[in-house]
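Worksheet: the structure to be examined is printed underneath.
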Amino acid sequence: MPCESHGVFIKDRLRAIFRTQLASGVLSVSGADAWLEDYPILATLSLEAYRSDRDEAFLQHAYSSIARYFNYLFIEQDADGDFLIESPDWNGAGRSQERVAFNALLAMDMENLSRICLQLKVPLRGLLWHEGARMIRERLTTACYDADANIFFSLEPLTNEKRWRDGPFLLLPTLFPDGIGENFASSMLRQFLTNPNTTRANPTDGSGGDGSAPFGESNIKTKHLLESCLVPEILERNGLVSEAANFRKKSMPQPGSTPLEQSSTRPSGAAVYEDYLTCRLAQSNGEHLFPPLLPLELFSRIAIAKYILRGEEGTSLMQSINEILHYVCMSRSPAESASNYRTIDDKTALAAVRQVYQSISIVKERRKRGAIFTPRDRTDIPGFDLDGAFTRLIQDVISALHRVESTIFHSQGNEKGFRLSSHLLKERTVIGETITLRLNISVNRAPEAIRSVLLSREALVDTLFHSNLPAELRPGGEPITLFHRFSVPSDWMPGIHTVPFSVTVRLGTGERRRLYFRKSIYLDPPVAFQVTFPEGRTLKDWGVPLDVQINKKAPYPVVIQTGWYSPSGLKLKEGKSQEIYMPELQNSVSTKLHVLAPSPIRPGAFPFVFKIFANGLDLGTISSTLFKHYQWIFVGSFATEGDPLLQVYPPERGVNLFAVFDGIDSRIFWRMLPPEALSDNGEINLGDLLAPNGVGFLYTVIKSTRPMSCSAFLSGNVPSGLLINGRLVLGSNPNSSPGQSQCTIQLKEGLNDVLVKVVGGEGARIFLNLGDEESLTSDEFNNNLWELVDGFKDFYEKRIRQFAESSSTQKLATLRFFDQEANSVSVIGTFNGWSAESSQLKEISNGVWEISLHLPPGKYAYRFLVNNRTQVLDPRCPVQEPDGFGGMNSVLYVE
């Protein structure tokens, strides 16, 4: 099928896709079109189809559908609101990720949606999509770049886990103007050229990549179609022209050939797509996917449409932009441009660039005199900052002109082989350190004389070389080497920073040439810190410890300050803030802090924020949550019949702690939930307790001091339901997305029965949280089953005896304590989860308290709790050990 006929075919396929669109904006793609879920280039395809017959009605339909679809992505698929869209893992893992490849292609397609707006003569809407593409690009650069591995990574939003699963598509952000800088981009690309599979592996864990075949061979596969078109474009845009030509020659069919159509292993529709795109992109050298000078076109259309430039001013601007476009196309594809465009020489192109600069000056001046956007403009695009977006568009235009001027610079120097190279001696640094830029100027064909070299960086101008006697450069001779030094500004935040430079060279003839380039610096924080929880994140009655490790990278003294905030009442024993001084020669420090739980403490989630500063610089925030579990008892597994969520089981008719039931394989009864089932992240793991084909129940009681409404959140990897006072109020089923549920429940004054029904499955786990800080406070909400449930103490002791009788390894350990003033004594320790209620001593005589425990052999740390308030060591125990908080525990050995 000839390439020219593919446009009509693509248009028909797109029309079929657009007809599937729901009111929400969702598009349904399947079969040969399913690849568009991974390669969101709908606008690009629409433009290609439009070029075949100039059907503007089709283009209008395409714009309407694609705009609604992109709006759906940002509203529904961007869960954390960071302008990066979550999409399924290409490797089929089923977990949503903020994938570099998906978002990079989405940003590129949004630029082409902006081009569609220009074609439809609605440039302000084009500005909207151009601004959206900018937001994605900026976010990818700041959030998804790994400086240590010098590669981009995809991100799992819930876990912040980095993923390297997009192959060469991880290189896509190097195409973005003003992205990570040519120095990092160049080294990343050379790493890829040295080993094309490098980007398929996780550079930190050594795991394999996406499992696809090595790339760069002639056997193109569906998944590698865009790679074969994009990688040469990436190389070429970053100055690796010969490498791009070699790559394109090896991996892409030549225009007019159709080897992909001859494959019998793929649907014919997919083959046509592949052949069409490969053909078109090979012919255009990627121009159809990447509109590099879109900001110039968008700027001119808005300036003329809003009458900022009038008459001859607008005509001159459009003519200059056309000349620049022709010049750029000619420099990229000389053979094709010679037949399609009139020749534009360097002098004409430079004059066109200056004309655009003049138009920008006129626009800036006239904007000062009054607003250029009308109330109707703002009504047409509500909630969008037109003025700010137009200001940023002008900055993009200037950056594009700088790239054109740099192309002219290299073209002018080709005759004599004039070359100016730049190199940062250090690309990673910290605030306060000096950065050195080295410039080398040389020739390799004919002599050249240099009178002066000026370097501009932001508002600073540095004269690197000036002499009345020109310096002579000769082929094969020593280059002129110059240096520019500057310190990292104190207001820079850690992360990647792209610094623009311009170098103006005055030749011996008086001619001036200007080169623009951008270098990136990765700014490490003065210190790196890590916060860990050595005993997990499950709150004990008193709290939990946390360890803070600080490593200093700066070569100067640093004052570390920390701040603590918790809306849920968590406090630090050491106070809200600490200050640590690290002198010049000290590189690391470790400290232990102690999180104190509020008293009394209720079950639930307890969020906190831990901030750290170095010399006043905000280094980051640890936002996390500690958990206090409910006191659960469990029964299971019941046999399932039909739909287990609809079937009614005995516990749903009323809870009797001493009842015995018929289970799947044996008689079952209520028992305490073992501590190992309670995870640090608040989940309850029932994998070892619940048969995969069974049903189990978790039961607890909460006491409310008043009638109240509160939130309830239930999630898990298996179906589950929440019953409050015998009524089903909430259900969660991972088999029907999203697998989590939330609602508002009503608690009555007094006791409330809480029953969670769980359907078995592999590794069954659930998460339940009731209330928040505004609806449930500790003094209103009691979950102490020892106080609330009649007969609970007898139930607990009976289960302990049954457990002891069923295990021949249990040993009897007796503890005694003497205190004539005590009203109550409990033992808390590692054998009972430090619970004050579960192991209470009995007063066997005046002041003599005693308890007998059935424990497996092992080592146990413990203390006595007197009057439910004071913790003391066992005076009869000769063995003690540190508790990790500056105190001691008594130690019991059971043999």
Side-chain angles (χ1 to χ4, degrees), residues 70 74 82-83 107-108 110-115 117-118 121-142 176-179 181 291-310 313-314 316-318 320-321 324 353-405 456-460 489 491-493 496-502 516 518:
F70 285 176
F74 279 104
D82 64 349
F83 296 106
M108 294 173 183
M110 288 173 71
E111 294 282 29
N112 275 325
L113 193 62
S114 182
R115 295 173 81 183
C117 291
L118 294 182
K121 299 180 178 56
V122 283
L124 291 187
R125 293 196 175 275
L127 179 61
L128 167 70
W129 296 111
H130 175 72
E131 182 75 358
R134 167 201 283 273
M135 291 177 179
I136 295 177
R137 296 196 307 263
E138 290 180 350
R139 182 61 183 167
L140 278 176
T141 302
T142 56
F176 298 155
D178 312 331
L293 298 180
L294 173 67
L296 276 71
E297 299 178 79
L298 194 56
F299 167 74
S300 63
R301 297 289 186 88
I302 293 175
I304 293 172
K306 302 306 298 179
Y307 301 103
I308 310 173
L309 298 178
R310 309 175 187 95
E313 295 172 337
S316 297
L317 174 61
M318 292 297 295
S320 298
I321 289 177
I324 291 171
V353 169
R354 289 170 180 162
Q355 177 60 50
V356 178
Y357 278 129
Q358 182 178 348
S359 298
I360 291 173
S361 298
I362 294 173
V363 169
K364 286 183 175 179
E365 183 62 31
R366 289 177 180 170
R367 287 187 71 192
K368 294 178 182 178
R369 301 176 188 173
I372 64 173
F373 299 112
T374 65
R376 181 173 180 178
D377 294 332
R378 303 181 197 281
T379 302
D380 288 343
I381 311 178
F384 181 63
D385 180 11
L386 284 169
D387 295 291
F390 190 64
T391 298
R392 290 185 287 273
L393 175 64
I394 292 176
Q395 295 171 353
D396 292 342
V397 172
I398 294 173
S399 295
L401 293 176
H402 287 172
R403 292 192 294 275
V404 174
E405 285 190 84
S456 298
R457 176 179 53 83
E458 298 175 341
L460 181 144
D491 59 345
W492 280 15
M493 296 298 292
I496 194 166
H497 295 266
T498 305
V499 185
F501 297 91
S502 69
Y516 291 90
R518 306 175 74 87

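Just so you know, residue 1 is the first one in the sequence shown, and it goes up from there. In this text the structure is predicted, and so the values were computed from the model without any measurement.
- Using a distance-only test at 3.5 Å, with no hydrogens or angles considered, a donor-acceptor pair links the side chain of Ser361 to the main chain of Tyr357.
- The list of ring pair (Phe, Tyr, Trp, His ring centres under 6.0 Å) pairs with a residue in residues 360-401, not counting sequence neighbours, reads Phe373-Phe390.
- With sequence neighbours left out, the side chain to side chain contact (heavy atoms under 4.5 Å, CB included) criterion links Glu458 to no other residue.
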Apply side chain to side chain contact (heavy atoms under 4.5 Å, CB included) to Asp387 and Arg367, showing your working.
CA-CA 10 Å; Asp387 295 291; Arg367 287 187 71 192; 4.0 Å; yes
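- Listed here is the closest heavy atom pair of Arg125 and Ile381: N-CD1, 4.0 Å.
- Proximity of Ile302 to Leu393: side-chain heavy atoms (C-beta onward) are separated by under 4.5 Å at one or more points.
- Nearest heavy-atom pair across Ala305 and Pro123 is CB-CG, 4.3 Å.
- Contact of the Leu296 side chain with the Leu401 side chain is registered, since non-hydrogen atoms from C-beta on lie closer than 4.5 Å.
- Every residue two or more places apart in sequence or in another chain was checked for a ring-ring contact (aromatic ring centres under 6.0 Å, His included) with Phe83, and none qualifies.
- For Ser502, there are no side-chain hydrogen bond (donor to acceptor under 3.5 Å, both in side chains) partners at least two apart in sequence or on another chain.
- Side-chain contact between Ile372 and Leu386 is absent, with no heavy atoms from C-beta onward closer than 4.5 Å.
- Judged by distance alone, the side chains of Asp396 and Ser399 never bring a donor and an acceptor atom under 3.5 Å apart.
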Dump the intermediate steps for side chain to side chain contact (heavy atoms under 4.5 Å, CB included) on Ile136 and Phe74, then the final yes or no.
CA-CA 11 Å; Ile136 295 177; Phe74 279 104; 3.6 Å; yes
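- Using the six-membered ring where Trp is involved, His497 and Trp492 have ring planes that are parallel, under 30° apart on the 30 and 60° scheme.
- Inter-residue side-chain proximity for His130 and Met110 is flagged as unmet; no heavy-atom pair is nearer than 4.5 Å.
- At least one donor-acceptor pair under 3.5 Å links the side chain of Ser300 to the backbone N or O of Glu297.
- In this structure, Tyr307 has no ring-ring contact (aromatic ring centres under 6.0 Å, His included) partners at least two apart in sequence or on a different chain.
- The closest donor-acceptor contact from the side chain of Glu313 to the backbone of Arg310 lies under 3.5 Å.
- Checked by atom type and distance alone, the side chain of Asp377 pairs as donor or acceptor with a backbone atom of Thr374 at under 3.5 Å.
- Considering only residues two or more places apart in sequence or on other chains, Phe176 meets the ring-ring contact (aromatic ring centres under 6.0 Å, His included) condition with none of them.
- Annotation: side chain of Arg369 is in contact with side chain of Arg366 (closest heavy-atom distance under 4.5 Å).
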